[in-house]
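Whatever order the structure lists ligands and atoms in, that order sets their numbers, starting from 1. Computed from a predicted model, the values in this text were never measured in an experiment. Every heavy atom of this structure was used, including side-chain atoms; hydrogens, water molecules and symmetry mates were not.
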Amino acid sequence: MQTLDLFAMPSDDAQRLATLRQTLHEHAHRYYVLDEPSIPDAEYDRLFRELQALEAAHPELITPDSPTQRVGGKALEQFAQVRHAVPMLSIRTETDTQASGAENFDARIRRELSLTELDAPVTYVAEPKFDGLAMNLRYEHGVLVQAATRGDGETGEDVTQNIRTIGQIPLRLPTDAPDVLEVRGEVYMRRDDFEALNERQRQKIAAGAKGEKTFVNPRNAAAGAVRQLDPAIAAQRPLSFFAYGLGEITPPEAGGPVFATHYDMLQTLKSWGFPVSALVKRAQGAIELVAFYDAIGQQRDGLGFDIDGVVYKVDSLSLQRQLGFVTREPRWAVAHKFPAQEMLTTVLAIDVQVGRTGKLTPVAKLAPVFVGGVTVTNATLHNEDEARRKDVRVGDTVIVRRAGDVIPEVVSVLLDKRVGEPEPFTMPHTCPVCASAAVREEGEADYRCTGGLFCSAQRKQAILHFAQRRAVEVEGLGDKLVDQLVERDVVRTLPDLYRLGWRAQAELLAISQDQLADELDASKQQALALSTLSNMDRMAVLSAQNLLDALQKSKQTTLPRFLFGLGIRHVGEATAKELARHFGQLDAIMTATEAQLLEVADVGPIVARSIRTFFDQPHNVEVVAQLRACGVTWPEGPPAERAPTHLSGKTFVLTGTLPTLGREDAKALIEAAGGKVAGSVSKKTSYVVAGSEAGSKLDKALELDVPVLDEAGLQALLQGVDE
Ligand code: 5U1
């Protein structure tokens, strides 16, 4: 330790220096770990600069745990080897992604502990399995002295300089921490940090920087940053950390702490300033392990970071000791994996698909691969620039990613596996379906087919969009049937859905469809539609009748659903709702000027222009008129009063089953009052509305001190009682 000659400097400087360090440590902890800054960034910067100035005046007082010392040191030739005081174990992996993965672990533990059915459930701790790099942080006398990678478990690499740059990792511990403390956990990169890093990398590459590259995923980016020999570069790669275990620690007989359970140990690490995931929880027996696996699996895509499974650990440390190890793996823990979200496969072809608005999307046709829980055969390449950037070619081995409901995408090509020199992909300048010109407007990323409804691909997509559940909902009208209806020219425009078989019949009788309408009464129209549908491949009479019933039912709709179903560019469900609320009647929307449209909440110039352009096309006005003539109808009224918006700016999360309100009803009521409904709980959540069997969202709310309401509480809030 450095000895200070405090008489050599003014004592108020020394005092100020100590106060500044302590204050900055506290604020860094609030900012990086608790995510609850209590001073503005500018004030933090001011204090930091003051400390830097004082240290510059008194360099003899700079200590390694000073907040100014996170980035420093020279670039290394190579990392020094570190022998771990306590080996860093690996963890047994359970790849069975069903509930049985957790049940088997519990059964094994109970067997090893000779527990019978009469014994109580075993208490476990369940944690996310972070997708990063294992790290050992060594503190001596409260100061971070070394950070080492796992390596082979016995010997790792000394990456202290790089790890010091991670704001979440304390450089100094409170005084109640033991003399020797090794904290183990995972260094990882948050997804938003990863995206921002890759964006910066892309800009550097575009500016001609040599030797720069983008990263394939957050894990690779984190690994690259940790193994970066120049700490100044590592400091530009934003890393995070979660603690989940211990290495060497001062034993109780030498004054070290005594922990009875893993959970208590984690709470203590938290109190010493280490980030411990808020998702960690105790679980009783296999049932709660399975519930945890399912709950975390559902939240997986909404977390700010990648996880590849969950970890179950026996909570009692004495039981852990009793269970011991098998080779390098503890018997008391298991990693229960989620289905992999990234896999390797090969590109069989690159097709170009045409969307509802004519957008051309390059799509890689893949050798089937099981990823993200489903078999994937197509992956989007998004647009020309992305396809070029990734340089995907036929025959390439690629990493495919499918996370949640997101469309599978090609992440990158393994260039060292490329065979020969396949042709680079080029975007066609004509539509692959209708051969109309495809154009890329200035400032746009996409090529669009100019064929409009002349293009059968656009027609098919427009019909599927109109018929989807969120629009007018025609149950049973799937893409295979729409393909046939369009290919056989039964359906050209949306109203044709309600006039099945009319075109062919009118042509046969050499009369117009309007004349045909006069000749066919309702039952004859039904018979014609039924026979037309029954002629389609794989269409039995019963399914044909069901589809006709569904078409009939779809005629009674609502204005927002109808508007959304028309497929006006930039008009999503929310905008359609706002338009319907604001104008009350379709004709008012169809004739509104751009300026009037701009008065609608959520409608900006691009959306207003798009709506106006749509209704300026006579064929679109005609489609609306014909749909109405076919009997498609919705309640209309005067413009609604603006919905009460006393909940605007408030975000709600719903969990569990409410006694009387369905989830959609509750959502609609909240939205009608101006609130928003989100899928996961964060510090920004205003309220969690919990019903019976509320899951981990309720736990998270309690942990983050987010107010929790039951149904009655929600109703009171909606009526403005508690605001
Ligand atoms: N959350 C968590 N991840 N993880 C990884 N805990 C945890 N524990 C590990 C590993 C390798 O190992 C201990 C069980 C030894």
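- Between Y188 and F242, the ring center distance clears the sub-6.0 Å criterion.
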Pairs of nitrogen or oxygen atoms, one from ligand 1 and one from the protein, closer than 3.5 Å: please tabulate them with distances.
unit_1	atom_1	unit_2	atom_2	d
ligand 1	1 (N)	E127	OE1	2.8
ligand 1	1 (N)	P128	O	3.0
ligand 1	6 (N)	E127	OE1	3.1
ligand 1	6 (N)	K313	NZ	2.8
ligand 1	8 (N)	K313	NZ	3.4

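- Taking the ring centroids of Y124 and F105, they lie under the 6.0 Å cut-off.
- Side-chain atoms of H262 do not come within 3.5 Å of backbone N or O of V314 as any donor-acceptor pair.
- When atom types are taken as modelled, the side chain of N220 and the backbone of N217 share no donor-acceptor pair closer than 3.5 angstrom.
- For T345 (side chain) and A367 (main-chain N/O), a donor-acceptor pair under 3.5 Å exists by modelled atom type.
- Checking side-chain atoms of R200 against main-chain N and O of Q236 turns up a donor-acceptor pair under 3.5 Å.
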